[in-house]
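The structure under discussion appears below in the form of structure tokens.
Quick note on labels: first sequence line is chain A, next is B, and so on, each numbered from 1. Computed from a predicted model, the values in this text were never measured in an experiment.
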Number of protein chains: 2
Amino acid sequence: MEITRRAPIGRPRGFDADEALERAMMVFWQQGYEGASLTDLTSAMGITRKSMYAAFGNKETLFRKALERYTEGPAAYAARALEKPRAREVATAFLAGSVSTTTRPGCPAGCLGVQGSLAAGDSGRAAQDALIAWRDDGRALLRHRFQQAVDEGDLPSGADPELLARYIMTVANGIAVQAVGGASRSELQQVADAALRNWPPV
Amino acid sequence: MEITRRAPIGRPRGFDADEALERAMMVFWQQGYEGASLTDLTSAMGITRKSMYAAFGNKETLFRKALERYTEGPAAYAARALEKPRAREVATAFLAGSVSTTTRPGCPAGCLGVQGSLAAGDSGRAAQDALIAWRDDGRALLRHRFQQAVDEGDLPSGADPELLARYIMTVANGIAVQAVGGASRSELQQVADAALRNWPPV
DNA sequence: TTCTTTCTGCACCGATCGGTATCTAAGTTT
DNA sequence: AAACTTAGATACCGATCGGTGCAGAAAGAA
């Protein structure tokens with residue numbers, strides 16, 4: 001069985017697909033799905049329409065790939081937060097990550113997972129649904145993590161993991177909206193601190 | 001001086017401008033500024049493009065008038081909340097109003113002041129700025145109200161009106177995002193209750 | 001009646017949308 | 001060298017965008 005990975009026949013791609021995807025992610029992050037035109041995207045990516053279609057399919061699949069990259073890049077704070085040993089640290093790290101990612105210098109303000117997912121015309125409905133599912137996934141991960149904390153005695157047995165997860169997600173979403181409105185990192189960190197002040201004691 | 005309000009010359013308008021504006025508000029509420037096309041708007045309003053332009057100017061002024069109507073209609077809970085005698089009641093009523101307005105049956109989920117204000121292409125930037133200013137206004141009103149509460153001794157002297165206002169606004173914005181994602185009214189009211197659990201005692 | 005204004009309805013404007021087609025040139029395989 | 005694939009550039013597709021122009025009818029004021 002030949003498993004040698006041979007190079008594909010033909011002229012190799014002349015651009016770095018990862019870097020192009022990174023640039024596309026930034027455009028979607030700032031302008032949302034519908035607000036980002038193909039002209040915006042391809043000129044930021046430094047490639048032609050044809051190359052974009054050959055490499056990524058179409059605008060919608062490009063968006064989905066950009067969202068994946070966002071999850072593993074700027075939004076990786078979420079996965080890291082979930083690994084903290086204590087539920088309180090999970091919540092604290094999640095909100096702190098949300099604050100720093102939505103206010104990172106050199107990146108668009110706000111959260112790609114929230115931008116442009118609220119209102120949409122017909123053409124953006126699929127992207128809107130994808131982002132709603134994305135946020136639901138994040139909330140489910142938090143819920144499972146908090147359930148685990150209850151099982152371990154890390155949270156009081158009366159604590160409601162579903163509610164706690166929704167609460168944290170709500171504050172994080174609000175932080176993203178505030179960031180687009182120009183709120184500074186320190187202002188939002190104060191809000192995050194305030195939101196955690198009523199965290200259930202062990 | 002003649003102040004008699006005489007009827008304007010010419011054929012009178014054949015539709016109810018208030019009702020047409022109400023319908024337009026609903027479309028903007030659901031689809032955002034850019035996501036709402038003139039075809040969507042005028043067909044919901046039941047009038048032609050020409051009539052719309054004659055009555056409201058253009059799409060942008062129509063949006064601004066719809067936003068005013070929203071402020072005085074569905075979002076009037078904010079003004080009512082500010083009149084409560086105690087700061088705690090202000091915060092409670094503000095969040096409760098936010099929950100009920102973003103999940104009202106027969107109306108789009110979410111908040112017109114948040115929808116479509118996060119991401120925008122070039123054509124939607126003016127509307128985006130208008131909505132950011134709208135949210136800033138709301139936050140300023142809360143801040144002043146909480147400052148007054150501090151002055152009256154209704155809040156502890158160490159309380160930070162700026163932070164409290166931003167905190168409440170952040171939670172309300174997050175509630176709006178959650179509502180678009182399909183969260184129910186009771187789920188969001190629980191979140192609002194949780195957010196107020198750490199309100200400063202008198 | 002005459003004037004004025006807005007009505008409805010439809011065609012139309014230039015611009016942009018997402019997406020393709022076509023060309024030549026270039027690089028890597030067999 | 002032959003086969004293959006991609007790159008870049010440009011022009012184009014039908015559809016839709018926000019916004020107008022024009023026609024004729026309708027209704028109130030002069």
Side-chain angles (χ1 to χ4, degrees), chain A residues 2 4-21 23-24 27-28 31-66 116 119-128 130, chain B residues 2 4-20 24 27-28 31-66 116 119-128 130:
Chain A
E2 280 290 350
T4 54
R5 184 148 173 74
R6 61 188 63 205
I9 301 179
R11 175 173 172 172
R13 176 174 290 145
F15 60 92
D16 184 333
D18 268 7
E19 185 169 329
L21 184 55
R23 306 247 188 110
V27 176
F28 281 129
Q31 317 206 32
Y33 178 76
E34 285 179 311
S37 71
L38 279 182
T39 304
D40 294 333
L41 290 163
T42 52
S43 71
M45 297 164 88
I47 61 177
T48 64
R49 281 161 132 79
K50 285 296 290 182
S51 301
M52 193 282 280
Y53 276 89
F56 300 101
N58 62 10
K59 186 184 177 183
E60 192 177 323
T61 58
L62 176 64
F63 180 75
R64 300 189 118 92
K65 284 169 182 162
D122 292 337
S123 70
R125 210 130 289 163
Q128 180 179 26
Chain B
E2 281 289 349
T4 55
R5 184 149 172 73
R6 61 187 62 204
I9 301 178
R11 173 175 174 172
R13 176 174 291 146
F15 61 92
D16 184 333
D18 268 8
E19 185 170 329
V27 176
F28 280 130
Q31 317 206 39
Y33 178 77
E34 283 178 311
S37 71
L38 278 182
T39 304
D40 294 333
L41 290 163
T42 52
S43 71
M45 297 164 88
I47 61 177
T48 63
R49 281 160 130 81
K50 287 298 289 181
S51 301
M52 193 283 279
Y53 276 90
F56 300 102
N58 61 11
K59 186 184 178 184
E60 191 177 324
T61 60
L62 175 65
F63 180 75
R64 301 189 118 91
K65 284 169 181 163
D122 293 337
S123 71
R125 209 131 291 163
Q128 181 180 25

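Formation of a donor-acceptor pair under 3.5 Å by the A:Ser51 side chain with backbone atoms of A:Ile47 is not found in this model. Judged by distance alone, the side chain of B:Asn58 and the main-chain N or O of B:Thr61 form a donor-acceptor pair under 3.5 Å.
Among all heavy-atom pairs drawn from A:Ala55 and A:Lys65, the shortest one is O-NZ, 4.3 Å. Nearest heavy-atom pair, B:Ala17 versus B:Phe56, reported as atom, atom and distance to 0.1 Å: O-CZ, 3.7 Å. Heavy atoms only, all atoms of each residue included: B:Glu34 and B:Ser123 are closest at OE2-OG, 2.9 Å.
Rounded to whole Å, atom C1' of C:dC17 lies 12 Å from atom CD of B:Glu34. Here D:dC17 presents its P atom at 15 Å from CG of B:Leu62, a figure rounded to the nearest Å. The interatomic distance linking A:Ile47 (CD1) with D:dT6 (P) rounds to 13 Å, in whole Å. The interatomic distance linking B:Asp122 (CG) with C:dC17 (C1') rounds to 13 Å, in whole Å.
Between C:dC17 and A:Ser123, no contact under 4.0 Å exists linking OP1 or OP2 to a side-chain N or O. Residue A:Ser51 has a polar side-chain atom (N or O) positioned under 4.0 Å from OP1 or OP2 of D:dG8. For the OP1/OP2 pair of C:dC17 and a distance below 4.0 Å, the side-chain nitrogens and oxygens of A:Ser37 include at least one atom meeting the criterion.
For the pair A:Lys59 and A:Tyr33, the cation sits on the ring face: its NZ or CZ lies under 6.0 Å from the ring centre, inside 45° of the axis.
Among the atoms of the strands shown, none is found under 4.0 Å from any heavy atom of A:Ala55.
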For nucleotides 19-21 of chain D, tabulate all protein N/O to nucleotide N/O atom pairs closer than 3.5 Å, reporting atom names and distance.
| unit_1 | atom_1 | unit_2 | atom_2 | d |
| --- | --- | --- | --- | --- |
| D:dG19 | OP2 | B:Tyr53 | OH | 2.7 |
| D:dG19 | OP2 | B:Lys59 | N | 3.2 |
| D:dG19 | O5' | B:Tyr53 | OH | 2.9 |
| D:dG19 | N7 | B:Arg49 | NE | 3.2 |
| D:dG19 | O6 | B:Arg49 | NE | 3.2 |
| D:dG21 | N7 | B:Lys50 | NZ | 3.4 |

